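Working notes for the structure below.
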Amino acid sequence: MRRRITSKTTRNHCIRMVCTAAILSLVAAMSLAGCAGSSESNSSPNSSAQSNAPATKSLEGASLDIYCGAGMTDPFQEISDAFADETGCAMNVTFANAAQIQTQIQTTEEGDFFIAGSADELKPVESYVDTSTDLVKHIPVLAVPADNPANISSLADLENARMVLVGDPEATPIGKIAKKALTEAGLWDALDARGALTTTTTAPQIATALANGEGDAGIVWKENVKSDGATIVDTTDLDPFVKTVPAARLTCSSNADAAQAFSDFLQTDTAKEIWAKYGYEQV
């Protein structure tokens, strides 16, 4: 009897141990599942937040000082804004005519880039130019008021024009082109002698004046003729005077990383598309 009782007691004890172990295993499994679920629910929002977070701007706190010909104000302002938005770099752009920019570079010996109307405009400051890269074509055209009251169809027709608008030949690339083109056509001296030449300090002023009927014709950059009040004359007379717009990186540039990043950005599709939108052609 004792032996059977002992056997039964042992058997019951074993059963209790097995049940207890099973219950503990189940509880542990549920706890692990709960932790895993909690971990997943906690990590998901973080992962989502990370995937939706804006990319860190690489040049936050950096800045670039850039000089640019006034005739390129619209496209270059948009390009510099796009670079600032993408990188966080502050863009300080000075728009002026070439002579003013050259003087400022020589006087202050400061600045990172000079976006010039042509490579010729870099010569007076060539000792400050580290590297130069051609960006787009700069195309001079003969423009007239939309109704073309003087019936101008070529440079030769300017011989009897009442007023011809040109840029300052001492200070602007477009003015130098106008003087050279009209001189080669045998017209500059005669027009100047009878007071038919009116000069402006920037190219956009020429297009604006023509749109307001303030002249018979003018020599201006193609991209500046964007008003309904002015139109481009269909002539090839100025084709030999097409220039290129260079981006000159200056030796006095103080932020090598930002300057290199901007140099690279000027070669991107984003920058090229902005130039094209304003009528510039790729080199």
Side-chain angles (χ1 to χ4, degrees), residues 69-73 95-103 116-124 134 136-246 278-281 283:
M72 298 175 281
T73 297
F95 296 100
N97 66 42
Q100 292 169 331
I101 292 172
Q102 291 158 359
T103 298
S118 74
D120 294 338
E121 308 315 310
L122 300 181
K123 293 178 181 178
D134 290 341
V136 288
K137 293 180 181 179
H138 222 182
I139 302 174
V141 296
L142 181 62
V144 295
D147 56 354
N148 195 7
N151 295 315
I152 304 296
S153 61
S154 66
L155 287 182
D157 292 335
L158 299 179
E159 183 177 6
N160 299 313
R162 174 183 56 85
M163 182 186 296
V164 178
L165 304 173
V166 296
D168 183 348
E170 302 301 322
T172 66
I174 195 63
K176 293 176 182 179
I177 288 174
K179 184 174 183 178
K180 185 173 177 60
L182 291 174
T183 297
E184 291 184 6
L187 296 171
W188 180 269
D189 289 341
L191 290 169
D192 191 30
R194 62 184 181 85
L197 294 174
T198 297
T199 62
T200 67
T201 57
T202 68
Q205 291 173 334
I206 299 173
T208 299
L210 289 173
N212 293 332
E214 299 173 12
D216 295 324
I219 294 176
V220 68
W221 297 119
K222 175 185 175 182
E223 67 274 4
N224 295 138
V225 187
K226 53 191 176 184
S227 169
D228 292 338
T231 188
I232 296 173
V233 174
D234 186 13
T235 176
T236 61
D237 289 349
L238 294 172
D239 286 0
F241 303 96
V242 173
K243 302 291 184 180
T244 57
V245 173
Y278 287 91
Y280 290 80
E281 298 178 17
V283 174

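Note: hydrogens, waters and symmetry copies are ignored here, and every other heavy atom, side chains too, is used. Remember, predicted model here, so these are calculated numbers, not experimental data.
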Inset, instruction - Would you check if the side chain of N97 reaches a backbone N or O of A99 as a donor-acceptor pair within less than 3.5 Å? - result: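 Indeed, once roles are kept as given, a pair shorter than 3.5 Å links the two residues.
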
Closest contact, heavy atoms only, [X] versus [Y]:
| X | Y | value |
| --- | --- | --- |
| G117 | E121 | N-CG, 4.4 Å |
| A178 | V166 | CB-CG1, 3.6 Å |
| A143 | V225 | CB-CG2, 4.0 Å |
| A196 | A161 | CB-O, 3.9 Å |
| A203 | I174 | CB-CG2, 3.9 Å |
| L210 | G215 | CD2-O, 4.0 Å |

Legend entry - Note, L122 side chain near P246 side chain (heavy atom, < 4.5 Å):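 When only atoms from C-beta onward are counted, P246 and L122 do touch, with a gap below 4.5 Å.
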
Legend entry - Validation row: D216, V164 side chains within 4.5 angstrom (heavy atoms):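 Heavy-atom side-chain distance check fails, nothing below 4.5 Å.
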
Atom [atom1] of [X] and atom [atom2] of [Y]: how far apart are they, to the nearest 0.5 Å?
| X | Y | atom1 | atom2 | answer |
| --- | --- | --- | --- | --- |
| W221 | T172 | CH2 | OG1 | 8.5 Å |
| T198 | Q205 | OG1 | CD | 12.0 Å |
| L191 | L197 | CG | CG | 5.0 Å |
| I206 | T199 | CD1 | OG1 | 9.0 Å |
| K243 | D134 | NZ | CG | 12.0 Å |
| F241 | S118 | CZ | OG | 13.0 Å |

Legend entry - Charged N-O contact under 4.0 Å between K176 and D120: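 The answer is no: the pair does not qualify as a salt bridge.
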
Inset, instruction - Assess the side chains of Y278 and E223: does a donor N or O sit below 3.5 Å from an acceptor N or O? - result: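 On atom types as modelled, these side chains do not qualify, holding no pair under 3.5 Å.
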
Let me have the donor-acceptor pairs involving side chains of residues 180-187, under 3.5 Å, with sequence neighbours excluded, atom names and distances please.
unit_1, atom_1, unit_2, atom_2, d
K180, NZ, E184, OE2, 3.2
T183, OG1, K179, O, 2.6

Inset, instruction - Could you name each residue pair satisfying side chain to side chain donor-acceptor pair (under 3.5 Å) that touches residues 147-157, not counting sequence neighbours? - result: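 Listed once each, the pairs are S153-D157.
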
Inset, instruction - For A217, enumerate each residue passing the side-chain contact (heavy atoms from CB on, under 4.5 Å) test, keeping only those at least two apart in sequence or located in another chain. - result: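 Applying side-chain contact (heavy atoms from CB on, under 4.5 Å) to A217 gives L142, V144, I152, L158.
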
Inset, instruction - Would you sort out whether K222 and Y280 count as a side-chain contact (heavy atoms from CB on, under 4.5 Å), showing the intermediate values? - result: CA-CA 8 Å; K222 175 185 175 182; Y280 290 80; over 6 Å; no

Legend entry - Atom CG of D239 with >12 non-hydrogen neighbours under 6.0 angstrom: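 Yes, because the 6.0 Å sphere around CG of D239 holds more than 12 heavy atoms from other groups.
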
Legend entry - Residue that, paired with M72, satisfies side chain to side chain contact (heavy atoms under 4.5 Å, CB included) out of N224, V245, V136: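 With M72 as partner, N224, V245, V136 yield a single side chain to side chain contact (heavy atoms under 4.5 Å, CB included), made by V245.
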
